[in-house]
Amino acid sequence: MSEERSLNFIEEIIENDLNSGKYKTLVTRFPPEPNGYLHIGHAKAICLNFGLTQKYGGYTNLRFDDTNPVTEKTEYVNSQQEDIKWLGFQWKNELYTSDYFDTLYDFAVKLIEKDLAYVDHSTADEIAAMKGTPTEPGKNNSYRSRSIQENLDLFMRMKNGEFADGVCTLRAKIDMAHTNMLMRDPIIYRIKHAHHHRTGDKWCIYPMYDFAHGQSDSIEEITHSICTLEYVSHRELYDWFIEKLEIFPSHQYEFARLNLNYTVMSKRKLLQLVNQGVVSGWDDPRMPTISGLRRRGYTPESIREFCDRIGIAKRDNLIELSLLEFCVREHLNKTANRVMAVLDPIKMVISNYPEGQSETLYGENNPEAEDKGGSREIPFSKTLWIEREDFMEVPAKKWFRLAPGAMVRLKHAYIVKCEDFVKDVEGNVTEIHCSYIPESKSGEDVSGINVKGTIHWVSAAHAKTAEIRMYDRLFSVESPDAEEGDFKDYLNPGSMEVIKNAYIEPYLASADLSSRYQFIRKGYYCLDKDSTAQHLIFNRTVGLKDAWAKGNK
RNA sequence: UGUCCGAUAGUAUAAGGGUAGUACAACGGUUUUUGGUACCGUUUGUCUUGGUUCGAAUCCAGGUCGGACAACCA
């Protein structure tokens, strides 16, 4: 506990409230609407809400904000729960706003009885016309002066299904000239003869967000209701309902939502990508969804670390993707076993190694791990696959890989010297001939030779094949929604490149969906769920930093 | 044109009247059987104009810029 971390503004508020005795226990909630999959922006909110109660004690509820039956589905409820658990958090209570529909109805009646709500038979267009604009006040309509009795009767008939969708609404009676447009008699109940994923056909009227969220917070005695900046202007209404209803005073605090460059974050846009087949689904590894990141190979630890590093504040932000990548590399560097895979193969023949002979070499699995992660067997033989880019016919300056006459170390094996190479009629190099130095065997090198370069390889006779899916950012511009025209005009055409036939070392045949690997010198990879024993498929989570490639762009 | 929110290196985020710090990014170097990791170093910042004060990123006032708000969505 030696490290002093500065507090974000919400932690300061909480510490003050706890120290002053305003609250004894901290209670927060994570309130997703089950109308889509959770994304990295939600992860920020999840880490915040659950993180706060982990730090200060108390608990966090999971509450599905299911007040709009036409967009919500049980499928989403399930995926959202799975994602939160996978991120490593456990909620105290699993709750639904729909659990409170009876109470919410009573709250509405109470408002009517206080002459603070009325049934309005205006059409949607009429309501909009009377609402004014941000700079002009709205106007009262004639329904506003209906009697309490009449409103009570009408609202009951709304509930009883006597009216078709859209015929009338229940509105709070506040002030049509208020500078905050949300206070201009907001609609609090609307008629929707729709089947609800939990309450079925019990209701045909559903509360609006503003008449559900704050009250739900209050019912659960949420002490700190944390949401994003777009709800700032809702806070006035939030407080108004709590005051008029005389219920537990939850308080709302707003922070800036996460924006990530080269991605879009709105559920509406992500849904479009899914529905229009731009990606393979909500869990496409290029999606910023939790399920997409999971399939891509991101770890919960790395996402939590990311959320921790981006901080919590009130100013708009655009976080660089490179920070997310840094976080996953940092975690995987410590935990992923190293293996060898050749993605763009070229044949190497070792001229002085006996035909038909092979031997078993050993490679440590992870130089960063305490016990080096143990070791594995790696077969070696006369003919190998190496990476095409590790050979240069005419070496560049400061090149210390393979070139005519040059020597390199084969990782975990011998030092080899390039003696010759073969080209096809088109001038492509098809084969590299080397000699090896028997005394240079890894771990028992008595050759006295020092080489600058080490390359990875796979024994041709022992290699397995695999499909490799190389992912990159989904968009080619930093801020797709800020560009002219449709955001889909800015998709990165190279966001997924598939290598059909890569060679991998035999050890990888035993890979399972929970394993993450570092393909030495290439990047971090994990098995994809489409993989079968006959057809292995690996996803690239993120590449390794490459100082050589960077300097030679 | 109204109300509300915000403004610190390229990107984020600290400093709560007293040396502008940290991380990522970028750049350079050391180590290295991964051109990875680790380690060291360098560059880059308080939107503006006034005021209060011995002293202002911080407090006050005006301005500028950015964002939000006119769904029977959340």
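We use all heavy atoms of the structure for the numbers below, so side chains are in, but hydrogens, waters and symmetry mates are not. We name chains A, B, ... by the order of the sequence lines, and we start the count at 1 in each one.
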With no hydrogens and no angle check, do the side chains of A/Glu162 and A/Asn160 hold a donor and an acceptor under 3.5 Å apart? no

Would you jot down, in residue-number order, the residues of residues 320-346 of chain A having a non-hydrogen atom under 4.0 Å from RNA chain B? A/Glu320, A/Ser322, A/Leu323, A/Phe326, A/Asn333, A/Arg338

Quantified in whole Å, what is the [atom1] atom distance between nucleotide [N] and nucleotide [M]?
{"N": "B/U42", "M": "B/G21", "atom1": "P", "answer": "12 Å"}
{"N": "B/A9", "M": "B/G41", "atom1": "P", "answer": "24 Å"}
{"N": "B/A71", "M": "B/A61", "atom1": "P", "answer": "34 Å"}

Does a side-chain N or O from A/Lys441 land closer than 4.0 Å to OP1 or OP2 of B/U33, or not? no

Check this one for me: any side-chain N or O of A/Lys131 less than 4.0 Å away from OP1 or OP2 of B/C69? no

Per the atom types in the model, does the base of [N] pair as donor or acceptor with the side chain of [X] at under 3.5 Å?
{"X": "A/Thr454", "N": "B/U34", "result": "no"}
{"X": "A/Gln518", "N": "B/U34", "result": "yes"}
{"X": "A/Glu478", "N": "B/G10", "result": "no"}

How do A/Tyr524 and A/Cys168 order along RNA chain B: which one's closest nucleotide is nearer the 5' end? A/Tyr524

First encountered from the 5' end of RNA chain B, between A/Arg521 and A/Thr169: A/Arg521

Could you check whether A/Arg63 pairs with A/Asp99 (Lys NZ or Arg NE/NH1/NH2 to Asp/Glu carboxylate O, under 4.0 Å)? no

Under 3.5 Å on both distances, the Watson-Crick or G-U partner of B/A7: B/U64

Searching all strands shown, indicate the nucleotide that pairs with B/G21 (Watson-Crick or G-U wobble; both distances under 3.5 Å). B/U13

What nucleotide among B/C73, B/A12, B/U8 has an atom nearest to a side-chain atom of A/Arg315? B/U8

